[in-house]
There are 2 protein chains.
Amino acid sequence: MLKLQKSKDKKQALLKATLLLVNDAGFQGASMAKVAKVANVSPATIYLYFENKQDLINQLYLNVKEEFSKSAFNGIDMAQPVKKIFEQIWFNIADFKFNEVEEAQFLSQCDNTPLVDEECRAEGLNHLQPLLDLWLRGQEEGIIKPLSPYVLYAFTIYPMAFLMNKQTKSHCPSDTIKLKETFQAAWDSIKV
Amino acid sequence: MLKLQKSKDKKQALLKATLLLVNDAGFQGASMAKVAKVANVSPATIYLYFENKQDLINQLYLNVKEEFSKSAFNGIDMAQPVKKIFEQIWFNIADFKFNEVEEAQFLSQCDNTPLVDEECRAEGLNHLQPLLDLWLRGQEEGIIKPLSPYVLYAFTIYPMAFLMNKQTKSHCPSDTIKLKETFQAAWDSIKV
DNA sequence: CGAATAAAAAAGAACGTTCATTCTTTTTTA
DNA sequence: TAAAAAAGAATGAACGTTCTTTTTTATTCG
């Protein structure tokens with residue numbers, strides 16, 4: 001029991017170490033030796049928990065993606081009208097992006113790199129199905145434009161990654177992005 | 001004269017080789033040895049044109065970013081009303097994203113990696129000043145929401161990177177993204 | 001309960017490879 | 001024929017991974 005806990009701790013420490021290193025210096029900056037050092041572990045130990053470096057990265061990606069999806073749908077009340085639910089989800093995601101900065105940065109770095117397996121990426125996208133379903137419902141009700149879910153995502157969720165990045169790297173002062181008005185822009189882009 | 005041309009060719013070949021390799025296998029996949037091989041050149045020759053690998057990447061980034069900005073403002077008629085100009089620029093950028101796919105993919109990979117120097121990135125952003133000026137004009141005329149340029153960019157331009165990526169990696173069939181409707185979404189998000 | 005012991009986990013050194021870069025020599029150019 | 005450009009071999013460092021040894025853990029039996 002205690003042992004199992006310790007094992008989990010070590011695995012989690014390795015994942016977190018990788019996350020930090022990737023954020024700081026990209027995927028090549030996260031060498032197995034450095035990951036081991038940051039996690040206070042021998043390089044050989046990594047291979048008790050992960051097949052190889054690719055597996056470490058894939059698992060980290062899925063891990064963080066799941067955490068992201070979970071918080072996106074946290075406390076959602078499906079009985080509400082479409083716009084209200086969408087608003088809840090949107091603000092959940094905004095919270096994640098602006099509070100779990102490390103995780104959010106990592107995900108946005110993953111978005112465009114060829115180093116995350118496509119198969120893995122597809123699995124990560126599945127978690128967002130409830131949002132796609134919501135959009136479909138909105139379209140059936142005639143309040144959301146009949147656009148592909150890719151386009152809906154691109155205009156409502158994806159922009160937050162950009163804004164989080166700019167804010168984190170302090171290209172813009174932290175009071176520049178007013179969430180309420182930003183949500184309005186997102187909604188205006190897809191509402192009929 | 002001819003020599004100078006040949007020099008430029010070689011430098012351009014090196015930049016293009018780097019671009020292709022980075023797209024295929026990330027920044028670590030673009031090793032100096034591989035870049036040299038793809039450009040049909042000795043590894044040592046790279047150092048006649050670039051200080052080191054970081055310089056190669058920085059120059060490539062600036063190069064592609066300039067190409068991008070140039071095509072964004074290609075044939076713009078500043079005498080037109082704000083919305084018309086914005087539409088021109090938006091479709092120019094869309095053309096670039098969906099036609100110069102290699103370059104666009106590279107840029108979107110650069111957007112979130114810590115491997116491009118921040119100083120370099122800042123210089124790349126300068127090129128977009130005319131667009132920021134246009135937005136300001138639109139705000140003075142009361143037809144564009146009083147949002148920070150970061151937010152305006154995030155909701156009108158940035159989404160195209162996502163859509164280009166999905167289309168390129170054929171996650172969605174190429175007729176899914178209808179440009180006219182997509183522009184409407186972009187405009188709706190920022191118009192008053 | 002506590003020593004003996006088998007098994008699992010972890011460590012650190014070591015592997016061959018590849019990396020970015022430089023040195024020396026050869027080829028091309030003016 | 002002098003200088004510039006390019007090549008290829010060579011450098012040490014760092015890479016991902018594996019091998020061997022040590023430490024920790026869990027179990028068995030006196």
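In what follows, every chain begins at residue 1, and chains take the letters A, B, ... in the order their sequences are listed.
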Nucleotide paired to dA10(D) in any strand shown, Watson-Crick or G-U, under 3.5 Å: dT21(C)
Can you check the Q54(A) CD to dG16(D) P distance for me, whole Å? 12 Å
Given dG8(D), dT21(C), dA11(C), identify the nucleotide with an atom nearest to the side chain of A44(B). dG8(D)
In short, C110(A) meets F27(A) closest at the heavy-atom pair SG-CZ, 4.0 Å
Expressed as a whole number of angstroms, how long is the span from D9(A):CG to dA10(C):C1'? 16 Å
Using purine N1 to pyrimidine N3 plus N6-O4 or O6-N4 for Watson-Crick, or N1-O2 and O6-N3 for G-U wobble, both under 3.5 Å, which nucleotide pairs with dT5(C)? dA26(D)
Can a side chain N or O of S31(B) be found less than 4.0 Å away from OP1 or OP2 on dT18(C)? no
Establish, with yes or no, whether the OP1 or OP2 oxygen of dA6(D) is under 4.0 angstrom from a side-chain nitrogen or oxygen of Y47(B). no
Between L147(B) and Q139(B), which heavy-atom pair has the shortest distance, and what is it? O-NE2, 3.0 Å
Selected nucleotide, minimal atom distance to L48(A) side chain, candidates dA9(C), dC23(C), dT17(D): dA9(C)
Spacing between Q28(B) atom CD and dA14(D) atom P, to the nearest angstrom: 17 Å
Name the closest nucleotide to the K34(B) side chain, picking from dC19(C), dA11(C), dT22(C). dC19(C)
Pairing partner (Watson-Crick or G-U wobble, both distances under 3.5 angstrom) of dA30(C): dT1(D)
May I ask you to evaluate whether T45(A) reaches the phosphate of dA11(C), defined as a side-chain N or O under 4.0 Å from OP1 or OP2? yes
Picking from dA9(C), dA6(D), dA20(C), the nucleotide nearest the side-chain atoms of K10(B) would be dA6(D)
Report the nucleotide, chosen from dG16(D), dA7(D), dC19(C), that has the shortest atom-to-atom distance to any side-chain atom of M32(A). dG16(D)
For dA13(C), give the paired nucleotide (Watson-Crick: N1-N3 plus N6-O4 or O6-N4; G-U: N1-O2 and O6-N3; both under 3.5 Å), or none. dT18(D)
Within the 3.5 Å criterion, strictly below it, is a donor on N165(A) or Q105(A) matched to an acceptor on the partner's side chain? no
Hey, can you tell me if Y150(B) and F162(A) have their rings parallel, tilted or perpendicular (30° and 60° cut-offs)? tilted
Just by distance, no angles: are the side chains of N74(A) and K70(A) close enough, under 3.5 Å, to form a donor-acceptor pair? no
